[in-house]
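We count ligands from 1, going down the list as the structure has it; atoms in each ligand are counted the same way.
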Amino acid sequence: MITGNTQLLGVIGYPIQHSLSPVMHNAAIDSLGLDYTYVPFAVEPQCLEQAIAGLSALGVEGFNVTIPHKQAVMPLLSEISPIAQAIGAVNTVYRTAAGWGGTNTDVVGFLTPLRTHALQPGAIAVVLGNGGAARAVVAGCGELGYSQIAIVGRDRTKLEQFLCQGTFSKGVSIHLWSELVTLLPYAQLVVNTTPIGMHPQVDQSPLSQAELDRLPTHAVVYDLIYTPHPTLLLHQAMERGLEAIDGLEMLIHQGAAAWDYWLQRSAPIAVMRSALHDYLSASR
Ligand code: NAP
């Protein structure tokens, strides 16, 4: 029930209707009986500055930031964490004494499902795509200890810009898709950060069956996409006996990490996961 004491959390983006964050955060809030509610706010790019001031004036406790505001919000904040500065994007905003603070929980969201995996000596992480999410993935792979991270893209100029714009660890290299076949036999981790295979293009995959066959048997295939669930890429990887991780895990863990900033408590991860699974099954 919303009362006069209810505190506000939320997410800004444009469009925002597709966001699953309200589903998982409100389920988590309800399960703990907290007097909070999490609201999606559609903020057009030209209204961003006004919206940030408005969220402050309305007493909102904290909020997530999604496409297209992850970079644009940065100059509007009073402080930015080192990880968000290194990636060049903010996805979580919280209150500080000086105003809004911003950080990036996509990195921890990405790497949490991989924390228990032992790294093989000389293992390569192959990252497909060089957009916004790839920045968090490359930073996460560096934090996991990968000494070789190969970024695969379709435009050499964009790949070079990607390298120039981030503060990445040594051992990050850029490649065109034509070079992918030579990388796959050495890959311990392959991460799809492109939208290939996302609803409604559910019959597409960034890797052909022949490319999947080149992966070693201990390789982990991680797809950032969460609709469909699983993607064709993950379905084929599992058929081949490879470990598959879907984008819902990253979504859940980046959301859970935001609770440390907003509520100074752990999020009920199992509740969030179950709410998302139920919601996606019902909307199929
Ligand atoms: P983005 O900034 O638009 O980047 C997309 C990347 O994919 C670009 O490098 C783009 O290449 C490449 N790409 C697009 N279509 C391609 C194609 N047909 N062939 C080859 N490359 C292609 O998007 P983003 O924000 O990084 O998001 C990427 C994906 O990750 C989306 O599916 C998004 O839903 C998902 N995501 C999931 C989570 C999660 O929590 N699970 C979080 C963030 C993002 P060019 O640069 O050459 O255009």
**Q** Identify, with sequence neighbours excluded, every residue that meets side-chain contact (heavy atoms from CB on, under 4.5 Å) alongside Pro185.
**A**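 Testing Pro185 for side-chain contact (heavy atoms from CB on, under 4.5 Å), a comparison that skips the adjacent residues, returns Arg214.
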**Q** Identify the protein heavy atom lying closest to atom 24 (P) of ligand 1, giving its residue, its atom name and the separation to 0.1 Å.
**A**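 I find the closest protein heavy atom is Ala133 N, 3.8 Å.
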**Q** Looking at Trp100, is Arg95 sitting on its ring face, NZ or CZ under 6.0 Å from the six-membered ring centre and within 45 degrees of the normal?
**A**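 Relative to the ring axis of Trp100, which defines the angle, Arg95 lies inside both limits.
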**Q** Between His175 and Ser173, do the side chains contain an N or O donor and an N or O acceptor separated by less than 3.5 Å?
**A**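 Side-chain D/A pair, His175 to Ser173: present.
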**Q** Going by heavy atoms in the side chains, are Gln236 and Leu232 under 4.5 Å from each other?
**A**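 Yes, side chains in contact.
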**Q** Please report whether ligand 1 has a polar contact with Asn130, defined as an N or O pair separated by less than 3.5 Å (distance criterion only).
**A**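 Yes, Asn130 has an N/O under 3.5 Å of an N/O on ligand 1.
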**Q** If we count only non-hydrogen protein atoms and require a distance under 4.0 Å, does atom 20 (C) of ligand 1 qualify as touching the protein?
**A**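 Yes.
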**Q** Can you list the atoms of ligand 1 that are under 4.0 Å from a heavy atom of Ile196?
**A**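 Ligand 1 atoms under the 4.0 Å threshold to Ile196: 17 (C), 18 (N), 19 (N), 20 (C).
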**Q** May I ask you to identify the nearest protein heavy atom to atom 8 (C) of ligand 1, giving residue, atom name and distance to one decimal place in Å?
**A**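 The closest one turns out to be Gly131 N, 3.9 Å.
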**Q** Taking the minimum heavy-atom distance to atom 37 (C) of ligand 1, which of Asn91, Ile67, Leu224, Val137 ranks first?
**A**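 Result: the heavy atom closest to atom 37 (C) of ligand 1 is in Leu224.
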**Q** Could you tell me the residue and atom name of the protein heavy atom closest to atom 10 (C) of ligand 1, and the distance to it rounded to 0.1 Å?
**A**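 For atom 10 (C) of ligand 1, the nearest protein heavy atom comes out as Arg154 NH2, 4.1 Å.
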**Q** Would Met198 count as being in polar contact with ligand 1, using the rule that some N or O on each side must be under 3.5 angstrom apart?
**A**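 No; every N/O pair is 3.5 Å or more apart.
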**Q** Do any N/O atoms on Ile225 end up under 3.5 angstrom from N/O atoms on ligand 1?
**A**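 N/O-N/O distance under 3.5 Å: no.
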**Q** Nearest protein heavy atom to atom 23 (O) of ligand 1, by residue and atom, and its distance?
**A**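 Looking at atom 23 (O) of ligand 1, the protein heavy atom closest to it is Gly132 N, 4.6 Å.
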**Q** Begin with the C-alpha distance, continue with both residues' side-chain angles, and end with the deciding distance and a verdict on salt bridge (charged side-chain N to carboxylate O under 4.0 Å, His left out) for Arg135 and Asp106.
**A** CA-CA 9 Å; Arg135 293 193 170 280; Asp106 281 334; over 6 Å; no
**Q** Report, as yes or no, whether the 6.0 Å neighbourhood of atom CD on Glu49 holds more than 12 heavy atoms from other residues, nucleotides or ligands.
**A**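 No, CD of Glu49 has 12 or fewer neighbouring heavy atoms, counting only those of other groups under 6.0 Å.
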**Q** Could you find the nearest protein heavy atom to atom 28 (C) of ligand 1 and give me its residue, atom name and distance?
**A**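 Here the nearest protein heavy atom works out to Thr193 O, 2.9 Å.
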**Q** Contact between Leu8 and Leu58 at the side-chain level, heavy atoms closer than 4.5 Å - yes or no?
**A**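 No. Closest side-chain heavy atoms not under 4.5 Å.
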**Q** Which residue owns the protein heavy atom closest to atom 42 (C) of ligand 1, what's the atom, and how far is it?
**A**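 Sorting protein heavy atoms by distance from atom 42 (C) of ligand 1 puts Met250 CE, 3.8 Å first.
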**Q** Can you find a protein heavy atom under 4.0 Å from atom 3 (O) of ligand 1?
**A**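 So atom 3 (O) of ligand 1 lacks protein heavy-atom neighbours under 4.0 Å.
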**Q** Please could you name the atoms of ligand 1 that Tyr226 approaches to less than 4.0 Å, counting only its heavy atoms?
**A**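 So the answer, numbered in order with elements, is 39 (C), 41 (N).
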**Q** Does any part of the side chain of Val11, heavy atoms only, come nearer than 4.5 Å to the side chain of Phe63, both counted from C-beta?
**A**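 Contact flag for Phe63/Val11 side chains = no.
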**Q** Hey, does Thr103 have a side-chain heavy atom less than 4.5 Å from the side chain of Thr105?
**A**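 A side-chain contact exists here, since the closest heavy-atom pair is under 4.5 Å.
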**Q** State, with a plain yes or no, whether a side-chain heavy atom of Gln188 is found less than 4.5 Å away from one of Leu119.
**A**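 Yes, their side chains come closer than 4.5 Å.
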**Q** Measuring from atom 13 (N) of ligand 1, which candidate in Pro195, Gly129, Gly247 has the nearest non-hydrogen atom?
**A**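 It is Pro195 whose heavy atom sits nearest to atom 13 (N) of ligand 1.
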**Q** When you measure from the heavy atoms of Asp106 to every atom of ligand 1, does any distance fall below 4.0 Å?
**A**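 No, that is not the case, since the closest heavy atom of the residue is not under 4.0 Å from the ligand.
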**Q** Counting only heavy atoms from other residues, nucleotides and ligands, does the tally under 6.0 Å from CD of Gln50 exceed 12?
**A**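 No, the 6.0 Å shell around CD holds no more than 12 heavy atoms from other groups.
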**Q** Closest non-hydrogen protein atom to atom 46 (O) of ligand 1, residue and atom name please, with distance?
**A**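 Protein heavy atom with the smallest distance to atom 46 (O) of ligand 1: Lys158 CD, 3.2 Å.
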